[in-house]
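Notes for the one structure printed next.
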Amino acid sequence: MSGTPMVKAEAVHKSFGRLEVLRGIDLEVQPKEVMCMIGPSGSGKSTFLRCINHLEKIDAGRLSVDGELVGYRQRGDKLYELGDAEVCKKRSEIGMVFQHFNLFPHMTTLDNVIEAPIRVKKESRAVAVERARKLLERVGLGDKVDAYPRQLSGGQQQRVAIARALAMQPKLMLFDEPTSALDPELVGDVLDAMRDLAQEGMTMMVVTHEMGFAREVGDSLVFMDGGVIVEAGNPRDVLSNPQQERTRAFLSKVL
Amino acid sequence: MITSAIGQDVTSVGPGWDAVGRYLFGPLILRGILVTLELTVLAMAIGVGLGIVLAVMRLSPNPVVSWVSWVYIWFFRGTPVLVQIFFWFNLNGVLKVIGLGLPGTPFFLLFGHTNTLISAFMAAILGLGLNEAAYMAEIVRAGIISVEHGQTEAAQALGMTRLLVMRRIVLPQAMRVIVPPTGNETISMLKTSSLAFVAAVPELFTRSEQISLATFAVIELAIVASIWYLVMTTILTIAQYYVERHFARGALRELPLTPLQRFRRMLFTFHAPPPAPAELPVLLPRGH
């Protein structure tokens with residue numbers, strides 16, 4: 001592998017009170033790689049994803065995106081937390097899609113997508129609207145620009161959320177169980193949109209329970225349990241021939 | 001003589017409605033209404049503006065900022081508004097100049113002399129507005145915490161700063177919760193502004209009180225004032241409906257009709273007559 005990895009985690013620790021959620025995570029995601037993360041609930045995979053854009057602060061270890069530390073600046077051998085404005089600048093380069101979509105319900109679909117480009121990147125309205133229309137067209141919602149989120153189905157809302165994240169032209173996309181809150185028949189459209197994105201070369205980290213997606217689209221697969229990475233590797237190998245007992249036990253329950 | 005006095009009293013029982021009619025549109029009363037409206041609008045502006053600031057401060061992760069807001073609310077909510085108006089009105093007795101300074105720092109911005117700065121009107125505005133801010137702070141805080149945390153996270157993930165998240169994402173959604181009690185507060189303020197009477201601010205109640213002292217038509221002027229207070233609160237209630245409707249965008253799949261729209265629909269929609277009942281086969285007894 002050449003160049004700087006898009007995401008690099010070294011011994012990342014995180015606790016909520018006395019509960020240790022992440023107990024030393026080491027991993028690397030290369031540019032254009034699609035990494036899927038699986039594991040039982042409470043295994044820390046969502047928390048780890050949220051650490052990558054500093055929605056959660058890490059307690060120990062180092063976490064960097066595209067060669068730059070997340071949320072901290074190093075001076076000597078000490079780390080200093082960045083101010084709100086600097087953290088926001090870093091976050092604006094990382095897209096995130098949530099399990100419950102979290103669209104802004106008081107704004108139309110189009111306004112949801114152009115909000116951050118206009119307010120954060122200071123783009124002109126015309127430029128932002130043009131890109132937003134293209135993105136919404138691409139996820140199959142070109143005719144829904146004036147709809148409010150509550151007027152859309154869950155699958156449509158999630159595709160708007162993907163368009164909203166892409167509107168910031170991020171270099172990395174984080175997906176936190178993007179299909180877990182959807183009715184089964186709506187999952188396909190969202191996975192299709194994500195597959196397209198992967199084929200265009202977007203670097204993606206996907207926390208998911210969709211083993212089929214992980215097998216087909218993922219370049220690598222990580223199985224987490226109890227705050228550590230139990231097993232990692234090629235998705236086909238891990239899914240069909242798990243080396244660890246815990247991985248085997250988990251897969252036997254979900255497959 | 002006694003009986004005739006009683007007789008006269010009996011005949012004059014009940015308010016003099018002609019006097020009510022005479023003073024209802026009197027120039028002093030109308031000017032009083034204007035002052036009442038000014039007091040209400042300005043005090044509510046201070047209340048809402050400062051209330052939002054206090055609410056955001058109260059929810060700040062910084063404990064000092066949160067604590068300052070808590071103390072403000074504790075103090076201004078815990079003392080009677082009448083006493084507060086009284087305090088500001090009589091402040092010149094103990095303070096000769098007013099300025100803004102931070103305790104523990106040499107920073108001090110001189111505004112001017114108390115007498116010129118705090119007129120009777122200003123004393124009423126300060127008393128009413130600063131007291132209102134304490135109540136509005138709690139109302140706004142309730143609105144803010146009613147907005148799901150995922151909204152803040154989604155906005156932060158897009159790179160929006162804390163202030164931008166509050167202004168563009170959280171507060172607009174909080175408005176749905178904030179507006180109804182704020183309407184309540186405005187209506188309450190309209191009436192509470194009559195306490196400015198103690199600072200001799202010439203608002204509606206002060207005016208009606210002055211006229212009644214001169215004419216002895218006490219009940220009549222109380223009725224005049226009540227009518228106008230009712231008229232103003234009615235207008236506010238209607239205004240509130242439209243403000244609520246505005247902030248319902250996106251929260252409901254379809255906005256409710258305004259009363260005017262409903263009225264028009266009632267007048268101009270012609271319902272198709274119900275379909276004629278299908279002809280039932282009639283079994284007639286043989287022989288007919």
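Each chain gets a letter, A, B and so on, in the order its sequence line appears, and its residues count up from 1.
Summarising the geometry of B:L158 relative to A:M168, their closest heavy-atom pair is O-CE, 3.4 Å, with the distance given to 0.1 Å. Considering all non-hydrogen atoms of both residues, B:A157 and A:F98 come closest at CB-CZ, 4.0 Å.
Shown here is B:Y241, whose OH atom has more than 12 heavy atoms of other residues, nucleotides or ligands within 6.0 Å. Within 6.0 Å of the CZ atom in A:R195, the count of heavy atoms belonging to other residues, nucleotides or ligands exceeds 12. Within 6.0 Å of CD in B:Q261 there are more than 12 heavy atoms belonging to other residues, nucleotides or ligands.
Contact of A:E115 with chain B is made through the side chain alone, with heavy-atom distances under 4.5 Å. With a 4.5 angstrom heavy-atom cutoff, A:H106 touches chain B via backbone and side-chain atoms both. Both the backbone and the side chain of B:A155 come within contact range of chain A, each with at least one heavy atom under 4.5 Å from a heavy atom of that chain. Contacts of A:P105 with chain B are made by both backbone and side-chain atoms, with heavy-atom separations under 4.5 Å. The part of A:R50 that comes within reach of chain B is its side chain, from C-beta onward, which places non-hydrogen atoms under 4.5 angstrom from that chain. Contact of A:L55 with chain B is made through the side chain alone, with heavy-atom distances under 4.5 Å.
Taking A:V87, A:L174, A:L103 one by one and counting their heavy-atom pairs under 4.5 Å with chain B, the maximum is reached by A:L103.
Taking non-hydrogen atoms and a 4.5 Å limit, the residue list of residues 163-176 of chain B in contact with chain A, ordered by number, reads B:L164, B:R167, B:R168, B:I169, B:P172, B:Q173.
Counting heavy atoms from C-beta on, the side chains of A:N102 and B:E148 come closer than 4.5 Å.
Atom CD of B:Q156 is separated from atom CG of A:D84 by 7.5 Å, given to the nearest 0.5 angstrom.
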